[in-house]
Each structure stands twice: as C-alpha cells, then as structure tokens.
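These notes are about the structure you will find just below.
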Amino acid sequence: MRGIRGRTWLLLAAAGAAVLALIGGTAVWFSADRDRQRSDNLEQLGRACAGLLPHERLRGFVPDDSAGVLEEYGTMLDPGRESRALLDCTLAWGPGRWEPEALVQVRAEALIAAQAAADDEGPRTVGDFPMPLPAGARGGIMADDRLNGSAVSASLRVECPSGLRGRSRPAESFRVTVDLPSAADDEYDVPDADRLLAARTAVDVANWVLGHQDCGREPIRTSASPRQAEGPEPTEICAWADPDELDFAAEDWEFTGDARYDGRAGSCAGRTTGFGVPDGMPLVELKAESWSGEFARGAYERHTYAGTAPGQGARSPAAPDGTVAIRTAEFSPPALALWAGSVCDGGPSYHRIVVTPGISFDDEQEVTVEGQVRKRFSADARAALDRYLAADGGWPKRAHCHDTKVLGEVEEWLR
C-alpha cells in the first residue's frame, strides 16, 4: 500500500507539473502574442498618414490586444482616385466602428471657389490657435467629449497663391483638420499640451502639402514659441484695448485677439478675471470685430438673421429720467453693440464694438439701470470705437479704412 500511495503521489505531482508547465507556456505565448500585436500597431502608427502623426506622443493609446484599423486615401497618395482630398487618413484602435477606444483622423482638402467663399462668410474663430500663424493662414482649436475620454481637434486653412496642382477645378486654398485622442476625462480638462500637439500636427500636414504642391509660399514655422490663447497683455494689433485709458473696471484683465494682421477680418477681446461683479456697473468685457469685402457681407447677413444688426428693433423703453429695465438672460450677459461702416483695402467694411457692463442680478429677474448709467454704456462704447479706429497698430489703420460712419447701437439684452 505504501508503494502504491508513493506511485500515486508521483503521478499526481507529474500531472500537476504538466498543468503548471502548460499554464506557464500559455501565459508566455499570450504575452509574446500581445508584444507582437503592440509592435505591429506601433509600426502602423509610424507609417500611417504619410508618417505625419506625432507617434511618440500617441504611443500611450496603442493597444496590445487588438489590431489598429487604418483607412487612408487621397489624390496625393493615389493620383488615380477622384477626390478633393490631398490626404485623408483615419486610424482607430479598439472595438466599435463609429466610437472606437481611440481615434486619429487627418484630412487635407482643397477648397474650390464655392467652398472658399462659404468658409469666408461663415463664423470665424479668432485667437484660439496656440501658435503664431503668418498672413494667409488661420486656424482654430476645440475639444470634445467621447465615450472613452476626450478628443482635441485642430483646423487650419492655408492660402496657396500659385494654386493647387492636379485639381479638376481651380483651388487656391486648402484646409487641414486633425483629430487626436486625449487622456483627459472630459473636454474641459484637455490640457494645453494636447491642444498644442494638435496644432503642431495640423501645421506639419499643411507644410507637407505645401512641399508637394509648390504653391508659392514659405512653410509655416513650427519652431516659434507658442503663444497663449489668453494672457495678461493684448497683442500688438489689440494694444489699443487699454482698460485704464478707457476707464473700464479697475481690475485685472485678460485678452485674446489676432497676433497677425489679416486684411479680411480681425478681432480683439478682453475681460476681467476676478469673481463677483464690481459696484457701479463698470464695463467688464470688451470685444471689437472688423470684416471687409465678402467677410463683411457674410457677417452682416448673420447678424441680420439673428436680429442683432443695426436698425433692427427699438431701444429699451425708458422712464422720463432715462431709467431702463434690463432682464436677465440665461446664457449671455447683457451687452451693448455699436456698429460702424468704412471703406477699407478689402472693400466695404463693418466694425462692431461690444461692451458688457458688470450687472449683478443676484436672485432678481430684472435690474433697473439709471438714466445716467445707461448713457455711460453708450459713451463707453463710442470711446472704445474711436480708440479702435485711431490706433496706429489696430486693424482699421492697417486696413487703411476711411469714410467711416457710425451705423447705430444694438441693445443685446432682454427688455
């Protein structure tokens, strides 16, 4: 019996060792398989989208348990394919066709005349591209939530004076769009580094197109130090926006605005950075916009459609002493816009100054503004317009605007 038990123990030990060896071998096989999968995915990331992706910064999104799905085409990758795309590339990881775990998209598209005109007339984001851009280029940055984390997008439009070759119809500009994943939990937490990465990638793609197309302009520099979208001092074009000189709220201000002059449109903005509302209803926010030529026509049409063009709507009903009642708005503070028209280098032009007074509604739905205070809103807007028009480095002077006429005020508040 003792011999039988001994042999049984040996058999069990051998069987256990075999199972352990099998388990260990399987674990080693799975580990090696995952290593191979990640290596393949990293190699795919390095060559995707003409090698223009920031692959070192995207390594953290590359999985080891599934293959990446790469789709790319474009007339510069495949000249026989009919497309306006100069480059069109999508790389996805993880399950899900429409909402994978991580997604990278890059597209460079030639803009035919009709597209360029529609783009010129549409809403224009100014001052949020986190690096300097030369004349003939403009861009924007935005963040968005996804099912897994968030994403950051960059858009860059570049003029091509010599035209883009190989197009079925003439095109003198192109647009680059870049979508990159971010590890931030939501769009509000996307760090500046991720925004800058998307912007640099868009510039790299634009320079790649410029190099292949020989379209008559220098590459966009990417070595310049990035500028912050907002900072304590206005840019040179917006240096006229001095809260002390304009006698606005005596608090700290931050500014956004164009760093480089664009003859078609310009924008400057500033606002106080403190919490709470100062006493006396001083102005706590300022914005100046100008549009010329087709940009001017499109801007005026948009404001006409929204009911915020000059001449639309009557002034707030006032008491004999000039007192007016202003109701609270859910999404935007009450503001006063002053419009002017000029003739500038780009043709007929519009200027719009928007001033926002610091009005505290507390728990009230309506605030009474005394007549003298209401008059001060108008005086402040006119002072800002006059300073804007006269500033040597400002947009109107650079555009050689003349024959300027004030077109009227628009009260952008509820009555």
Side-chain angles (χ1 to χ4, degrees), residues 34 37-38 41-42 44-46 48-49 51-71 87-108 123-133 138-157 175-206 220 222-232 254-257 259 269 271 273-275 331-332:
R34 293 174 77 99
Q37 182 64 75
R38 179 168 169 80
N41 287 348
L42 289 173
Q44 181 187 55
L45 172 63
C49 307
L52 296 168
L53 297 179
H55 49 89
E56 289 299 324
R57 297 283 296 276
L58 293 176
R59 293 172 64 93
F61 296 97
V62 176
D64 60 5
D65 57 353
S66 61
V69 178
L70 176 64
E71 298 176 355
L87 174 66
D88 197 331
C89 176
T90 301
L91 178 58
W93 298 295
R97 176 63 180 85
W98 301 111
E99 188 66 278
E101 291 180 4
L103 179 72
V104 178
Q105 290 183 308
V106 173
R107 181 175 174 87
R124 182 168 177 268
T125 301
V126 180
D128 62 351
F129 200 80
M131 59 193 308
L133 291 175
R138 68 177 190 268
I141 294 285
M142 66 175 294
D144 196 12
D145 285 334
R146 294 177 55 84
L147 290 179
N148 297 289
S150 56
V152 60
S153 303
S155 176
L156 183 62
R157 175 173 163 176
R175 182 192 295 116
V176 173
T177 54
V178 172
D179 298 299
L180 300 180
S182 173
D185 291 335
D186 59 57
E187 60 183 288
Y188 301 104
D189 295 329
V190 172
D192 290 341
D194 287 358
R195 297 174 187 271
L196 182 59
L197 182 65
R200 287 193 181 281
T201 304
V203 170
D204 288 342
V205 174
I220 300 171
T222 59
S223 58
S225 298
R227 67 177 177 86
Q228 295 295 321
E230 296 179 349
E254 62 183 10
F255 298 87
T256 60
R271 64 186 179 193
T273 59
F275 295 98
F331 298 108
S332 60

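Side chains are part of it too, since the values below use all heavy atoms of this structure and drop only hydrogens, waters and symmetry mates.
Not counting sequence neighbours, the partners of Ala151 by the side-chain contact (heavy atoms from CB on, under 4.5 Å) test are Arg146. Residues meeting the side-chain contact (heavy atoms from CB on, under 4.5 Å) test with Ala67, sequence neighbours left out: Gln37, Asn41. Residues satisfying the side chain to side chain donor-acceptor pair (under 3.5 Å) criterion with Ser153, sequence neighbours excluded, are Asp179. Under the rule for a side chain to side chain donor-acceptor pair (under 3.5 Å), the partners of Ser182 that lie at least two apart in sequence or sit in another chain are Asp194. In this structure, the side-chain contact (heavy atoms from CB on, under 4.5 Å) partners of Arg38, at least two apart in sequence or on a different chain, are Leu42, Arg59, Val62, Asp64.
When all heavy atoms are compared, the tightest approach of Ala183 to Phe61 is N-CZ, 3.8 Å. Taking every heavy atom of both residues into account, Leu180 and Ala198 meet most closely at CD1-CA, 3.8 Å.
Interatomic distance, Trp93 CH2 to Leu58 CG, rounded to the nearest 0.5 Å: 5.5 Å. In this structure, Cys89 SG and Arg107 CZ are separated by 11.5 Å, a value rounded to the nearest 0.5 Å. Taking CZ of Arg138 as the reference point, atom OG of Ser155 lies at 9.0 Å (rounded to 0.5 Å). With values rounded to the nearest 0.5 angstrom, Leu91 atom CG is found 12.5 Å from His55 atom NE2. Between atom CG of residue Leu70 and atom CD of residue Gln44 there is a gap of 5.0 Å, rounded to the nearest 0.5 Å. Atoms SG and CG, from Cys49 and Asp88 in turn, are 9.0 Å apart once rounded to the nearest 0.5 Å.
The shortest side-chain heavy-atom distance between Leu103 and Pro181 does not fall under the 4.5 Å cut-off. Between Leu156 and Ile220, the closest side-chain pair of non-hydrogen atoms falls below 4.5 Å. Residues Arg195 and Val190 form a side-chain contact, since some pair of their non-hydrogen atoms from C-beta on lies under 4.5 Å apart.
Taking a 6.0 Å sphere around CG of Asp189, one finds it holds more than 12 heavy atoms contributed by other residues, nucleotides or ligands.
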Practice task
Show your working on side chain to side chain contact (heavy atoms under 4.5 Å, CB included) between Leu87 and Leu52 and close with a plain yes or no.
Solution key: CA-CA 11 Å; Leu87 174 66; Leu52 296 168; 3.9 Å; yes

